[in-house]
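Read the structure below first, then the notes.
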Amino acid sequence: MAVPKRRVSKTRAAKRRTHYKVALVKPIKDKDGSWKLPHHINKFSGSYK
């Protein structure tokens, strides 16, 4: 198994972690014009897709 020769510095590790971002869930407009979250049931009409 490969073992690192030196410890990875805090700065280098932080640079690698800069791309780990939490994506905001954006509501989408349903067929009837109401807003809903993706992959969720519409509260008003009860439809899924």
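Because the structure is predicted, anything quoted here is derived from the model rather than measured.
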| message | For V8, give me all partners under side-chain contact (heavy atoms from CB on, under 4.5 Å), at least two apart in sequence or on another chain. | response | R12, A13, R16

| message | For S45 and S47, which I'm curious about, is there any donor-acceptor pair between the side chains at under 3.5 Å? | response | yes

| Counting distance only, does the side-chain N/O of H19 pair as donor-acceptor with the main-chain N or O of R17 below 3.5 Å? | no

| field | CG-NZ distance between L37 and K43, expressed to the nearest 0.5 angstrom | value | 8.0 Å

| Qualifying residues under side chain to side chain donor-acceptor pair (under 3.5 Å), relative to S34, sequence neighbours excluded | D32, N42

| Test item: K36 side-chain N/O and H40 main-chain N/O as donor-acceptor pair under 3.5 Å | yes

| message | My understanding is that a hydrophobic cluster links ILVMFWY residues whose side chain heavy atoms are under 4.5 Å apart, including indirect links. Using that, what else belongs to the cluster containing Y48? | response | I41

